[in-house]
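No hydrogens, no waters, no symmetry mates; every other heavy atom, side chains included, goes into these values. Residue indices begin at 1 and follow the sequence shown.
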Amino acid sequence: MAFGIKREELNRWKQNVEAGNIAFLTHYWIDDRFPSCSTVTKVGCSDLEKLEQWGKQYGLKAEWMDLRGDYPHFDLFGDHQRRILSAEGMMEQLNRFQ
């Protein structure tokens with residue numbers, strides 16, 4: 001379940017993904033499989049090669065990409081989320097949910 005974002009934020013992320021840009025969207029998240037995580041960052045791009053190469057620089061494997069639906073993405077949470085958002089200069093994505 002995702003919550004804590006505005007519809008326009010979601011729509012902007014979708015537009016950027018569709019345009020072939022690397023796009024970030026962080027939101028509150030509840031998943032019983034990951035009880036210590038309350039947020040997830042979706043890093044998406046419709047250009048799968050571009051997304052795969054982006055992920056490689058952070059040690060993310062292509063098989064970790066979520067290819068279901070129309071918006072291919074990596075799900076980042078926990079230590080990976082913090083490390084990657086910090087490296088990308090996008091900590092405001094995470095800080096707003098703290």
Side-chain angles (χ1 to χ4, degrees):
M1 175 188 289
F3 53 99
I5 58 172
K6 297 178 180 167
R7 181 166 305 281
E8 58 264 14
E9 292 174 283
L10 176 60
N11 289 337
R12 187 173 38 249
W13 180 81
K14 287 180 176 181
Q15 290 168 353
N16 278 310
V17 170
E18 290 169 351
N21 300 320
I22 299 292
F24 295 78
L25 180 68
T26 302
H27 57 79
Y28 282 118
W29 179 59
I30 296 173
D31 189 317
D32 292 337
R33 297 172 298 168
F34 306 98
S36 65
C37 298
S38 60
T39 61
V40 64
T41 299
K42 295 189 177 302
V43 181
C45 183
S46 62
D47 180 335
L48 296 181
E49 179 64 28
K50 186 176 184 179
L51 184 59
E52 181 179 349
Q53 291 305 311
W54 177 87
K56 275 186 181 179
Q57 71 180 316
Y58 295 111
L60 304 177
K61 298 178 182 178
E63 57 264 25
W64 296 348
M65 288 192 286
D66 185 335
L67 302 177
R68 296 170 294 159
D70 297 328
Y71 303 97
H73 64 276
F74 284 105
D75 286 320
L76 308 178
F77 47 90
D79 292 336
H80 287 298
Q81 181 186 35
R82 182 167 297 284
R83 177 179 56 83
I84 293 170
L85 287 176
S86 179
E88 291 283 336
M90 303 195 80
M91 283 300 291
E92 77 280 354
Q93 287 259 337
L94 187 58
N95 290 339
R96 68 184 268 205
F97 295 101
Q98 301 300 321

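Remark: the T39 side chain and the Q81 side chain contain an N/O donor-acceptor pair separated by less than 3.5 Å. A side-chain donor from one of E49 and Q53 sits under 3.5 Å from a side-chain acceptor of the other.
Checking side-chain atoms of Q93 against main-chain N and O of T26 turns up a donor-acceptor pair under 3.5 Å.
In this structure the side chain of E92 never reaches within 4.5 angstrom of the side chain of R96, judged on heavy atoms. In this structure, W54 and L60 have side chains that are in contact, with non-hydrogen atoms separated by less than 4.5 Å. In this structure, T41 and F97 have side chains that are not in contact, with every pair of non-hydrogen atoms separated by 4.5 Å or more. The side-chain heavy atoms of Y58 and H80, taken from C-beta on, include no pair separated by under 4.5 Å.
Between I84 atom CD1 and L76 atom CG the span is 4.5 Å, to the nearest 0.5 Å. With rounding to the nearest 0.5 Å, the separation of CD in Q15 from CG in N11 is 6.5 Å. Atom SG of C37 is separated from atom CD1 of I30 by 12.5 Å, given to the nearest 0.5 angstrom. Annotation: the span from L10 atom CG to I5 atom CD1 amounts to 5.0 Å, rounded to 0.5 Å. The CG atom of N95 lies 7.0 Å from the CZ atom of R82; values are rounded to the nearest 0.5 Å. Rounded to the nearest 0.5 angstrom, Y71 OH and C45 SG are separated by 13.0 Å.
Residues S46 and E18 share a closest heavy-atom pair of OG-O, 3.3 Å. For the pair K42 and D75, the tightest heavy-atom approach, listed with the atom from each and the gap, is NZ-OD1, 2.7 Å.
L85 and W29 fall into different hydrophobic clusters, where Ile, Leu, Val, Met, Phe, Trp and Tyr residues are linked whenever their side-chain heavy atoms come under 4.5 Å apart, directly or through other members. M91 and L25 end up in different hydrophobic clusters when Ile, Leu, Val, Met, Phe, Trp and Tyr side chains are linked at under 4.5 Å. Residues I22 and F77 do not share a hydrophobic cluster, defined by chaining ILVMFWY side chains whose heavy atoms lie under 4.5 Å apart. The cluster map of Ile, Leu, Val, Met, Phe, Trp and Tyr, joined by side-chain heavy atoms under 4.5 Å apart, puts L67 and V17 in different clusters.
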**OP:** List the steps and the verdict of side chain to side chain contact (heavy atoms under 4.5 Å, CB included) for V40 and D31.
**Re:** CA-CA 10 Å; V40 64; D31 189 317; over 6 Å; no
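Between W13 and H73, the ring planes lie perpendicular to each other; the angle is over 60°, past the 30° to 60° tilted range.
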